[in-house]
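Atoms considered below: every heavy atom in the structure, side chains included; atoms not considered: hydrogens, waters and symmetry mates.
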Amino acid sequence: MAKELLSADNQQSVEVVNGGNSQVVTRKASKKKEPFHAVREKAANLYRKQLNRGVDTMKKAIEYALSQASIEYDQNRFLADYGKLVERLLDSKSFERDCKKFSLEPFDAATHIVFHGVKQMNAVLENGLETVYGSRLTELKEAVYSKEELDAALGYTIAA
């Protein structure tokens, strides 16, 4: 028999009674993901399962994930959030130097890195492109979204 109690600080206490022994386990209630991260994660999971791993497949995975979103979150809002993360990468001088070192266009590489997630993006900013991507650097040569698409969604021009 288990009895659930919710405390004020968003923790969940569960009392588990086994025969004569009882034990209280406290854990955090799960947080709901922001729409951008939920859509991006679903798209990335779909993309990983595909045989053809090109930019078109990435876009189709994102479109499908957006169509499956249970809340009102359209492509324009997704692209605006995507563009903000691309800007964050482009603001990094070390990222720009890494791109030049490996003959990559910073904007194109940034669009791929954002698709792979915030953890990947932070790892690139912290450790550099070569450490994170290594032999997979050639994947970063073609942009997932054009600069014009992201500029239109953001309402201003991304400085690249």
So [Y] and [X], do their side chains get closer than 4.5 Å, heavy atoms only?
| X | Y | answer |
| --- | --- | --- |
| Thr131 | Val124 | no |
| Tyr133 | Leu140 | yes |
| Arg77 | Asp74 | yes |
| Gln120 | Val132 | yes |
| Lys141 | Asp108 | no |
| Val118 | His37 | yes |
| Glu130 | Lys101 | yes |
| Leu66 | Ile62 | yes |

[atom1]-[atom2] distance between [X] and [Y], expressed to the nearest 0.5 angstrom:
| X | Y | atom1 | atom2 | answer |
| --- | --- | --- | --- | --- |
| Lys147 | Leu90 | NZ | CG | 8.5 Å |
| Thr111 | His116 | OG1 | NE2 | 10.0 Å |
| Glu126 | Ser92 | CD | OG | 11.5 Å |
| Ser94 | Arg97 | OG | CZ | 5.5 Å |
| Leu150 | Leu79 | CG | CG | 6.0 Å |
| Thr157 | Glu87 | OG1 | CD | 10.0 Å |

Problem set entry | Lys100 atom NZ, neighbour heavy-atom count above 12 within 6.0 Å | no
For this session: Check the side chains of Tyr73 and Glu34 for a donor-acceptor pair under 3.5 angstrom, ignoring hydrogens and angles.
Result: no
Exercise. Just checking, any donor-acceptor pair under 3.5 angstrom between side chains of Arg88 and Asn122?
Worked result: yes
Report yes or no: does [X] contribute a side-chain atom to a donor-acceptor pair with the main-chain N or O of [Y] at less than 3.5 Å?
| X | Y | result |
| --- | --- | --- |
| His112 | Ala143 | no |
| Asp98 | Gly128 | no |
| Lys59 | Tyr145 | no |
| Gln50 | Leu46 | yes |

Exercise. Can you list the steps and then say if Leu85 with Leu89 is a side-chain contact (heavy atoms from CB on, under 4.5 Å)?
Worked result: CA-CA 7 Å; Leu85 293 175; Leu89 271 169; over 6 Å; no
Exercise. Would you call the rings of Phe36 and Tyr82 parallel, tilted or perpendicular, where under 30° means parallel and over 60° means perpendicular?
Worked result: perpendicular
For this session: Provide the closest heavy-atom pair for Ala65 versus Ala43 in the form atom of the first, atom of the second, distance.
Result: CB-N, 3.8 Å
For this session: Please name the pair of heavy atoms, one in Ala80 and one in Leu154, separated by the smallest distance, quoted to 0.1 Å.
Result: O-CD2, 3.2 Å
Exercise. Do Phe107 and Phe95 share a hydrophobic cluster (ILVMFWY, side-chain heavy atoms under 4.5 Å, transitive)?
Worked result: yes
Problem set entry | In one Ile/Leu/Val/Met/Phe/Trp/Tyr side-chain cluster, 4.5 Å: Val114, Leu137 | yes
For this session: For residues Tyr47 and Phe115, establish whether the separation of their ring centroids is below 6.0 Å.
Result: yes
